[in-house]
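Because only heavy atoms are used, hydrogens play no part in the values below, and waters and symmetry mates are left out as well, while side chains stay in.
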Amino acid sequence: LSEKMMKYNSSTIVFLLMAFIANCQQYQIEIIPTNMPTSIRGLAALNDSVFWASGSNGYVGNSTDGGKSWQFKQIPGYDSAEFRDIEIINEKTILVMSSVQPACILKSTDKGITWKKVYEDNRPEAFLDAMDFVGKKGICVGDPINGKFLLLQTTNKGDSWQINEQCSAEDSVAAFAASGSTIKYLKKGHIFFGTGGNKTMLYYSENDGKSWKKTNVPLQSGAPSKGIFSIDFIDATIGAAVGGDYVSPNDYTGNFTMLVKNDSVWKSPLSTNPNGYRSCIKFINPYLLIACGTSGVDISKNLSWMNISLEGYNVIAVSPSTNTVLLAGNNGKIGKLKLN
């Protein structure tokens, strides 16, 4: 190369490196250690200030100052429960879901002071993965039993639940309980949930779960550790799915896709991928996505992914105003995204 070309290439590399550093500095995560003996898998926001978290060993926690400080406690009688999801109905009403030991849903109407069991399934094969609410209506998805997904639905803010047996499951296909975000309930009766295992698929209903359709999704599949681990949607026609293979945390192949419905057909546009297996994804706004997993955190602006942290997290919550974004992981770790 000529001296001029070498200088040009060096200048270009320096410019790109500086631009990359500047972008990384734009998104920083402040770690808020709680030192609690719980792996946090459930995380939900009521507003910019009020957040609730749930995890292993029967722990739930809440913050009223946007994640700066937390109060955790074990729910009496559930010290071995795996609380993989938590949902906030209003300031006083919260529901928490235990995947196993036992598979159940608890509800509090006094800001978490007391809890009432509103659903329990004692069958050995019962395993609950995630739940979601829109207004008074809610849905919970569990792994298939006897060829049908275990779907629970409520129309009274979770006071009572009914089993929906309308969704048949493919062989060796199941959902994941990594972050309580593998199911999404939208307005006008639209429900989505993602699966993995033998086949990676998006199941969806357009009538509040009365009937179901499914479509293949181009994420990793073919093993119990592979598939969709999290979904999020802007509306009933545009969403995103993330996952991969949780036993290969640094494998970035087949771990992300956009989900776009066009003329009644779901399509997956080509895009770049996050930096490894990811267990949760959230839209901060229609142009900005965040995903996390055991090997780090990535931000996507206009579908161009950039790793912003190598710290491992399990789950993300974005406040309705999108002003506050929190992440949570093992050992009670909380992270707060700084949007500069």
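Counted within 6.0 Å of NZ on Lys336, heavy atoms from surrounding residues, nucleotides or ligands total more than 12; the atom is thus considered enclosed. When the shell of 6.0 Å around OH of Tyr78 is examined, it contains more than 12 heavy atoms from other residues, nucleotides or ligands. Around atom NZ of Lys136, no more than 12 heavy atoms belonging to other residues, nucleotides or ligands sit under 6.0 Å away. Within a 6.0 Å sphere centred on NZ of Lys157, heavy atoms belonging to other residues, nucleotides or ligands number 12 at most. Enclosure of atom CG in Asn146 is not indicated, since only 12 or fewer non-hydrogen atoms of other residues, nucleotides or ligands lie within 6.0 angstrom.
Lys68 approaches Ile32 most closely through the heavy-atom pair O-CG2, 3.7 Å. Of all non-hydrogen atoms in Lys187 and His190, the two that sit nearest each other are O-CD2, 3.4 Å. Taking both residues in full, the closest heavy atoms of Tyr185 and Gln153 are given as OH-NE2, 4.3 Å, listed atom of the first, atom of the second, then distance. The shortest heavy-atom contact between Gly312 and Lys333 is O-NZ, 2.9 Å.
In this structure, Leu186 belongs to a hydrophobic cluster whose other members, linked by side-chain heavy atoms under 4.5 Å apart, are Phe192, Leu202, Tyr204, Val217, Leu219, Ile228, Ile231, Phe233, Leu259, Trp266.
Linking ILVMFWY side-chain heavy atoms closer than 4.5 Å, directly or via other members, places Trp115 and Leu46 in a single hydrophobic cluster. Hydrophobic clustering of Ile, Leu, Val, Met, Phe, Trp and Tyr side chains at less than 4.5 Å, counting indirect connections, keeps Ile145 apart from Phe127. Neither Ile290 nor Ile334 shares a network with the other; the hydrophobic side chains, linked directly or stepwise wherever heavy atoms of I, L, V, M, F, W or Y lie under 4.5 Å apart, form separate groups for each. Under the 4.5 Å side-chain contact rule for hydrophobic residues, Trp70 and Ile40 share a cluster. Cluster membership check: Met36 does not share its hydrophobic cluster with Val60, using side-chain heavy-atom separations under 4.5 Å among Ile, Leu, Val, Met, Phe, Trp and Tyr.
Side chains of Lys137 and Asp208 form a contact here, defined as non-hydrogen atoms less than 4.5 Å apart. Contact annotation: the side chain of Gln162 never approaches that of Leu152 to less than 4.5 Å [non-hydrogen atoms, C-beta and beyond]. Residues Thr294 and Ser279 are not in side-chain contact: their nearest non-hydrogen atoms beyond the backbone lie 4.5 Å or more apart. The shortest distance between side-chain heavy atoms of Leu150 and Leu128 falls below 4.5 Å. The shortest side-chain heavy-atom distance between Ile86 and Ile94 falls under the 4.5 Å cut-off. At least one side-chain heavy atom of Ile29 sits under 4.5 Å from a side-chain heavy atom of Ile308. You'll find the side chain of Phe51 reaches within 4.5 Å of the side chain of Thr324, heavy atoms only. Side-chain contact between Ile284 and Leu337 is present, with heavy atoms from C-beta onward closer than 4.5 Å.
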### Task
Test side-chain contact (heavy atoms from CB on, under 4.5 Å) on Glu170 and Met201 and set out the steps.
CA-CA 10 Å; Glu170 299 276 333; Met201 310 187 77; 3.7 Å; yes
### Message
For Glu206 and Lys261: C-alpha separation, side-chain torsions, deciding distance, then whether salt bridge (charged side-chain N to carboxylate O under 4.0 Å, His left out) applies.
### Response
CA-CA 13 Å; Glu206 298 171 339; Lys261 189 176 184 182; 2.4 Å; yes
### Task
Go through the steps for Arg278 and Ser295 under the test side-chain contact (heavy atoms from CB on, under 4.5 Å), then give the verdict.
CA-CA 8 Å; Arg278 296 294 179 254; Ser295 62; 2.8 Å; yes
### Task
Tell me, with the steps shown, if Asn314 and Ser179 meet side-chain hydrogen bond (donor to acceptor under 3.5 Å, both in side chains).
CA-CA 6 Å; Asn314 301 322; Ser179 62; over 6 Å; no
### Message
Please evaluate residues Glu91 and Asn47 with respect to the criterion side-chain contact (heavy atoms from CB on, under 4.5 Å), reporting the C-alpha separation (whole Å), side-chain torsions for both, the decisive distance (0.1 Å), and the verdict.
### Response
CA-CA 9 Å; Glu91 187 176 355; Asn47 49 44; over 6 Å; no
### side-chain contact (heavy atoms from CB on, under 4.5 Å) evaluation trace for Leu106 with Leu95
CA-CA 6 Å; Leu106 309 180; Leu95 290 104; over 6 Å; no
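Side-chain polar atoms of Thr154 and Asn156 form a donor-acceptor pair below 3.5 angstrom. Using modelled atom types and a 3.5 Å distance limit, the side chains of Tyr119 and Asp121 yield a donor-acceptor pair. Between Thr114 and Asp110, the side chains place a donor N or O and an acceptor N or O closer than 3.5 Å (distance only, hydrogens not considered). A donor and an acceptor atom, one from each side chain of Gln74 and Asp79, are nowhere located under 3.5 Å apart. Under 3.5 Å, the side chains of Thr38 and Asn57 contain no donor-acceptor pair of N or O atoms.
Once rounded to the nearest 0.5 Å, the distance linking CD of Glu82 with OG of Ser80 reads 8.5 Å. Atom-to-atom distance recorded for Ser63:OG and Leu326:CG is 7.0 Å, nearest 0.5 angstrom. Cys292 SG to Glu311 CD: the interatomic distance, rounded to the nearest 0.5 Å, is 12.0 Å. How far CG of Asp48 is from CG of Asn323: 4.5 Å, rounded to the nearest 0.5 Å. Here the OG-NZ distance, from Ser108 to Lys116, works out to 12.0 Å after rounding to the nearest 0.5 Å. Distance CG/Asp85 to CZ/Arg41: 12.0 Å, rounded to 0.5 Å.
Remark: the backbone N or O of Ala103 is not paired with any side-chain donor or acceptor of Ser98 at under 3.5 angstrom. With hydrogens and angles disregarded, no donor-acceptor distance shorter than 3.5 Å links the side chain of Ser205 to the backbone of Ile191. One N or O on the side chain of Asp235 and one on the backbone of Ile238 form a donor-acceptor pair closer than 3.5 Å. Remark: the backbone N or O of Thr253 is paired with a side-chain donor or acceptor of Gln220 at under 3.5 angstrom. For the pair Asn273 (side chain) and Tyr252 (backbone), a donor-acceptor distance under 3.5 Å is present. With hydrogens and angles disregarded, a donor-acceptor distance shorter than 3.5 Å links the side chain of Ser230 to the backbone of Ile281. The closest donor-acceptor contact from the side chain of Asn307 to the backbone of Val297 lies under 3.5 Å. Checking side-chain atoms of Asn207 against main-chain N and O of Ser211 turns up a donor-acceptor pair under 3.5 Å. Of the possible polar contacts, none joining the Thr257 side chain to the Ala241 backbone as a donor-acceptor pair under 3.5 Å is found. One N or O on the side chain of Asp232 and one on the backbone of Phe283 form a donor-acceptor pair closer than 3.5 Å.
Looking at residues two or more places apart in sequence or on another chain, you find a ring pair (Phe, Tyr, Trp, His ring centres under 6.0 Å) between Phe193 and Phe149, Tyr203, Trp212.
A perpendicular orientation is assigned to the rings of Phe229 and Tyr277, their planes being inclined by more than 60° (bins at 30° and 60°).
For residues 293-322, the set of pairs meeting the ring pair (Phe, Tyr, Trp, His ring centres under 6.0 Å) definition, not counting sequence neighbours, comprises Phe256-Trp305.
In summary, Arg84 and Asp129 do not engage in a salt bridge, as defined by a charged side-chain N under 4.0 Å from a carboxylate O.
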